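Computed over heavy atoms, backbone and side chain alike; hydrogens, waters and symmetry mates excluded. Since this is a predicted model, take the numbers as computed values, not measurements.
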Amino acid sequence: MQTRSLWIRAVPLFLGFVGLAMAVGLGALNGAFMTWHFAMGLLSLASIAGSLLWLREVRWRDWAASCVYTVFFLLALALAYLVSANRPQRFDLTRDGIHTLGAQTSSILRRIPAEQSARLELFVAQKDRFAAQKFLANYQRLAPQLSIDLYDPKRDLDVVSQFGGNIREGQFFLSLFDADGTMKRRTDGEISLSNGLREHVLTNAFARLLTDGKETIYWSSGLGEKRLDKTDDSLTKVAEAIAAGAVNIQEFRLMEGRIPADTAAIVIAGPRRDLSDFDFELLKNYLDEGGKLFLMLDPMFEERVPLPNFEKLVTGYGLDMPNEMIIDPLAMSATRVTTTPQAIWAKHPIALATSRVPFLLDRARPIVSQGKADPNVKLEGILVSNEQCWTEPVDSMKSFRRAIPPDDVEKVTNQILSVSVTKQTPGGRWGQRAKIVLIGDSDAFTDRQLATNGDAGAFFLQSVNWLREREDLLQIPPRFVTATPIALTTTTAWTLLGTFLLIGLLITVGGSGFAIARRRMK
């Protein structure tokens with residue numbers, strides 16, 4: 001009977017600990033402690049205190065002292081919380097910096113003129129309102145001239161009607177105003193507050209808002225290149241992603257004999273015919289005057305058409321792109337052919353602006369350095385293959401359905417899949433330096449492949465942004481909380497075992513010595 005009574009008296013103690021744990025846990029999940037969190041915590045502490053008084057004989061002096069200590073402890077916690085919540089300096093201790101805006105975002109927000117203002121109108125459900133405010137507060141700290149209005153699409157129907165009446169949760173409108181309040185530009189978009197994709201969407205909207213759209217990417221045609229006709233083998237989707245960054249895209253032919261003055265970059269995607277001598281000189285002169293070129297050069301397998309002028313253009317920068325294919329025996333398990341090498345990211349600004357998810361190329365040419373040192377030319381790798389790859393000439397392919405390694409084992413190594421070229425051109429018509437991105441494949445970026453091919457689309461988009469010399473407009477990659485597992489290597493295991501044995505030995509020796517000393521004292 002006494003045991004049952006003791007268990008009944010312990011129920012408030014158990015409920016108090018559960019309530020305290022829930023208050024702390026819910027506050028941590030919400031990112032802030034609201035009034036009801038504190039109320040739940042105080043009720044839980046009261047339940048624990050009452051249960052302890054009920055379980056034991058009441059000692060009023062000790063109980064009063066404990067209450068005083070508890071009150072001072074809670075006041076200290078509240079003071080620490082208030083100081084940390086109002087401190088302008090904030091620290092993000094997560095490894096991936098998931099609570100901090102990226103450097104690109106800071107750079108873009110600093111471009112808002114001091115005399116102008118921006119307004120963000122975001123439609124968000126009531127349950128996501130606090131998360132939205134917490135996320136957007138980071139933007140307002142970097143751009144004080146930014147005002148934010150949050151609306152519930154199911155409640156603020158008068159505002160919804162002003163935007164056409166068909167508004168979804170997460171949809172936003174971003175506007176830029178002159179000093180007199182006149183709207184200059186407006187852009188829109190849609191973000192999700194439930195995943196890690198929100199920063200790059202909103203920041204790119206700011207980039208579109210602050211870009212006047214005077215640059216044009218010219219898409220080369222007339223040489224059998226991949227088009228923008230929305231077929232499965234076109235590159236329409238990557239072109240639309242570029243256009244979303246407030247950049248115009250227009251097709252043109254080199255044979256027209258001139259390169260427009262507003263050219264930000266030229267894209268040549270998988271030509272099936274060679275440059276004429278006139279086109280070669282036109283393109284070479286364009287690069288010599290600071291031009292920007294994105295060249296995707298497929299191996300000529302079916303047509304077997306040589307591309308000597310394209311190869312000559314590449315050779316002028318200390319590189320060679322022979323008509324060969326990269327063989328990847330590890331690709332057999334995924335694609336059942338050996339000619340789909342996996343592209344692995346190297347350390348490059350283009351790579352850093354993506355999630356660096358590998359993707360597959362299809363029948364890719366290798367890029368080979370000629371070893372010529374030109375002080376005005378800088379070469380940087382963007383994509384490489386794994387170390388099990390080698391190359392074979394298109395005219396004498398041995399490995400297609402089955403990998404046949406070369407006799408010379410030194411040829412089995414990492415192959416260069418994509419490089420960037422930078423050459424100083426002081427006083428050039430199109431800039432102070434020529435920039436080229438080379439890759440030996442264009443099929444990886446087609447509409448058919450893009451949805452399931454890793455970061456292929458991100459590579460294309462970031463390459464164009466890098467060519468435009470707008471590193472501040474590089475897409476910000478999504479950031480997620482990643483696991484940090486401890487790899488228990490042999491050395492670590494022996495170190496931990498030795499530490500535990502040493503601690504156990506010290507406890508045993510110390511305890512034995514203490515016991516012997518007490519016996520002698522008796």
Side-chain angles (χ1 to χ4, degrees), residues 216-245 247-256 259 263-276 279-280 283 286 291-307 309-311 313-314 321 323 325-326 335 337 339-341 343 350 359-367 382-383 394 417-419 436-468:
T216 302
I217 303 294
Y218 283 94
W219 200 280
S220 176
S221 62
L223 298 173
E225 303 96 328
K226 288 186 170 58
R227 303 293 299 276
L228 305 178
D229 52 8
K230 296 188 177 182
T231 61
D232 287 345
D233 291 327
S234 73
L235 302 188
T236 307
K237 290 183 178 179
V238 290
E240 290 175 348
I242 296 170
V247 181
N248 298 321
I249 294 182
Q250 185 174 335
E251 292 191 19
F252 91 118
R253 294 172 179 260
L254 284 169
M255 61 186 66
E256 293 178 0
I259 294 177
T263 302
I266 293 175
V267 176
I268 304 179
R272 315 311 293 176
R273 295 189 294 276
D274 195 24
L275 292 167
S276 67
D279 294 344
F280 170 80
L283 197 56
Y286 165 69
K292 315 296 186 289
L293 174 65
F294 191 179
L295 177 59
M296 289 159 274
L297 208 58
D298 296 314
M300 304 303 290
F301 184 68
E302 290 90 355
E303 298 88 345
R304 304 290 175 92
V305 177
L307 304 175
N309 277 334
F310 274 113
E311 294 172 5
L313 184 71
V314 173
M321 295 183 71
N323 191 23
M325 284 194 195
I326 298 174
T335 61
V337 294
T339 55
T340 54
I350 294 174
F359 58 92
L360 297 178
L361 302 183
D362 186 11
R363 300 183 182 182
R365 282 187 185 233
I367 301 176
I382 308 173
L383 301 170
V394 168
L417 304 178
S418 176
V419 299
I436 307 173
V437 172
L438 296 173
I439 187 168
D441 178 46
S442 64
D443 297 310
F445 314 106
T446 60
D447 294 353
R448 185 200 306 272
Q449 299 290 337
L450 210 58
T452 59
N453 202 10
D455 260 0
F459 165 81
F460 199 103
L461 177 61
Q462 305 323 333
S463 295
V464 171
N465 284 333
W466 181 83
L467 287 169
R468 295 168 56 209

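Of all the heavy atoms in T335 and T340, the pair that sits closest is OG1-OG1, 2.7 Å. Considering all non-hydrogen atoms of both residues, V437 and S418 come closest at CG1-OG, 4.2 Å. Here the closest heavy-atom approach between residue G440 and residue P299 is recorded as O-CD, 3.7 Å. Minimum interatomic distance between G457 and V238 (heavy atoms only, all atoms of both residues): CA-CG1, 4.3 Å. Here the closest non-hydrogen pair linking L228 and A239 is CD2-CB, 3.7 Å. The heavy-atom pair separating A269 from W219 by the smallest distance is CB-CZ2, 4.1 Å.
The residue from K226, Q449, R363 that alone fulfils the side-chain hydrogen bond (donor to acceptor under 3.5 Å, both in side chains) condition with D443 is K226.
With hydrogens and angles ignored, the 3.5 Å screen pairs no side-chain donor or acceptor of D441 with any backbone N or O of A364.
For the pair D233 and R448, the salt-bridge criterion is met [side-chain N within less than 4.0 Å of a carboxylate O].
For the atom pair CG of L438 and CD1 of I367, the computed distance is 5.5 Å after rounding to the nearest 0.5 Å. Rounding to the nearest 0.5 Å gives a distance of 7.0 Å between CD of E311 and CG of L297. Distance OG/S221 to CD/Q250: 10.5 Å, rounded to 0.5 Å. Rounding to the nearest 0.5 Å places CG of D455 at 10.0 Å from CG of L450. Taking CG from L417 and CD1 from I382, the interatomic distance works out to 10.5 Å, rounded to the nearest 0.5 Å. Rounded to the nearest 0.5 Å, atoms CG (D447) and OG1 (T236) are 4.5 Å apart.
In terms of the salt bridge (Lys or Arg N to Asp or Glu O under 4.0 Å) criterion, residue partners of E251 (sequence neighbours excluded) are, by chain and number, R227. With sequence neighbours excluded, no residue forms a ring-ring contact (aromatic ring centres under 6.0 Å, His included) with F310. Residues satisfying the side chain to side chain donor-acceptor pair (under 3.5 Å) test with K292, not counting sequence neighbours, are none. With sequence neighbours left out, F280 forms a ring-ring contact (aromatic ring centres under 6.0 Å, His included) with no residue at all. For the salt bridge (Lys or Arg N to Asp or Glu O under 4.0 Å) test, residues two or more places apart in sequence or in another chain that qualify with R272 are D298, E303. Shown here are the side chain to side chain donor-acceptor pair (under 3.5 Å) partners of D279, two or more places apart in sequence or in another chain: S276.
Proximity of I439 to L361: side-chain heavy atoms (C-beta onward) are separated by under 4.5 Å at one or more points. Put simply, the side chain of M300 reaches to within 4.5 Å of the side chain of R365, judged on heavy atoms. Under the 4.5 Å side-chain criterion, counting only non-hydrogen atoms from C-beta, F294 is not in contact with I217. Taking the side chain as every heavy atom from C-beta outward, I268 and E225 approach each other to under 4.5 Å. Counting heavy atoms from C-beta outward, V314 and L295 have side chains that approach closer than 4.5 Å. Looking only at side-chain heavy atoms (C-beta outward), F445 and M296 come within less than 4.5 Å of each other. Contact check for L235 versus T446: side-chain heavy atoms found under the 4.5 Å cut-off. Counting heavy atoms from C-beta on, the side chains of D274 and V305 never come closer than 4.5 Å.
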For this session: Go through the steps to decide whether I266 and L283 satisfy the test side-chain contact (heavy atoms from CB on, under 4.5 Å), and finish with yes or no.
Result: CA-CA 10 Å; I266 293 175; L283 197 56; 4.2 Å; yes
Exercise. Does the pair F460 and V267 meet the rule for a side-chain contact (heavy atoms from CB on, under 4.5 Å), with working shown?
Worked result: CA-CA 10 Å; F460 199 103; V267 176; 4.2 Å; yes
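Using modelled atom types and a 3.5 Å distance limit, the side chains of T231 and D229 yield a donor-acceptor pair.
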